[in-house]
Chemist: 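One structure coming up, written as structure tokens, with questions to follow.
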Protein chains: 2
Amino acid sequence: MKKEEMVKILGDKEIQASYHRLKILEFLIDNRIHPSVDDIYKKLLHEIPTLSKTTVYNTLKTFTDKGIVSIVTTEEDEIRYDYSEEPHLHFKCKKCGTLYDIFHNCEILKQKEIDGHLIDEHHLYFRGICRKCRKEKGGN
Amino acid sequence: MKKEEMVKILGDKEIQASYHRLKILEFLIDNRIHPSVDDIYKKLLHEIPTLSKTTVYNTLKTFTDKGIVSIVTTEEDEIRYDYSEEPHLHFKCKKCGTLYDIFHNCEILKQKEIDGHLIDEHHLYFRGICRKCRKEKGGN
DNA sequence: TTCTCTGCAAACGCTTTGCACGGAT
DNA sequence: ATCCGTGCAAAGCGTTTGCAGAGAA
């Protein structure tokens, strides 16, 4: 993604575009792997040797507060971050650990209300064995 | 619930029935509030003054390993425990913090496969304003 | 006696906080 | 000069680990 586009994404949410913020945003956009703070930190450390983990925390806090990224929690108690425009659900493989985005057209994702409760966030998340690991039955 | 029933629940999963385990199980069954470790610990401390948090952790680990309780994670990074027989979904109110069980007959809860991935756990979780807080518009 | 549950205390790891430096306006 | 992003170091806090004592079989 072009730098100007990312500056605009930040600007639209009233976030000033610093070098670090752009790098972190770029990483989130280019790597839809739902990275943890540590993933981001370790990867960017190669490009920004002086990077501090605190900055990654600060930046992600800013991004989540402003709604640019969302938090994905799994019962493994690891926090991962997700840059995403459209609502979708997640599938996590118990075997290989991969977290998949699934764009499934299910009605419950569109539901605005349930049992009288007003919904404004949908978190749908499945666990099991992914299609890749199903094929590799012998492996692992 | 009668003690014998609870002993059976544990026995079925090959867990020995100690006093502490029965108390913790009883608490989970009687209080479907998705308590945290601390909730359980604080409540039971009144009945078992010598109770240690380690024991609560140990017991919950045993229970989750054996599948008696499941873990509910919310993006607030708090771990809560859920004793529950039938699959259901959760709704968390952003205002009052209550976590509701919702027994909704939706197809996606029954789905065994998605995009070729084999599903064996469904975690559906919504956030918003609950029906109680919607009514109390003025309050809080 | 042996095995397992329990519980204290310390260790651990992730995240937050306090504060000071430095760059941008 | 001021503001704010950055980053070190320390604190904080929930959870896990090591180990020893107690209790059941």
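Protein chains get the first letters and strands the later ones, always in sequence-line order, with residue 1 at the start of each.
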Chemist: Just jot down the ring-ring contact (aromatic ring centres under 6.0 Å, His included) partners of H104(A), sequence neighbours excluded, or say none.
Modeler: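 Result, ring-ring contact (aromatic ring centres under 6.0 Å, His included) vs H104(A): none returned.
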Chemist: H34(A) and D39(A): side-chain donor and acceptor closer than 3.5 Å?
Modeler: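 Not at all, the side chains of H34(A) and D39(A) share no donor-acceptor pair under 3.5 Å.
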Chemist: Parallel, tilted or perpendicular, judged at 30° and 60°: which one describes the rings of F103(B) and H88(B)?
Modeler: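 If you compare the ring of F103(B) with that of H88(B), the planes turn out tilted.
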Chemist: In B/S/- notation, 5' to 3', how is nucleotides 1-17 of chain C contacted by protein heavy atoms closer than 4.0 Å?
Modeler: ----SBBBB----SBBB
Chemist: Run the ring-ring contact (aromatic ring centres under 6.0 Å, His included) test against F91(B) and tell me which residues pass, sequence neighbours left out.
Modeler: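 ring-ring contact (aromatic ring centres under 6.0 Å, His included) check on F91(B) returns H117(A).
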Chemist: Around atom NZ of K110(A), are there more than 12 heavy atoms from other residues, nucleotides or ligands closer than 6.0 Å?
Modeler: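 Count over threshold, so yes.
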Chemist: Whole Å only: how far is the CG atom of L44(A) from the C1' atom of dT6(D)?
Modeler: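 The distance from CG of L44(A) to C1' of dT6(D) comes to 14 Å, rounded to the nearest Å.
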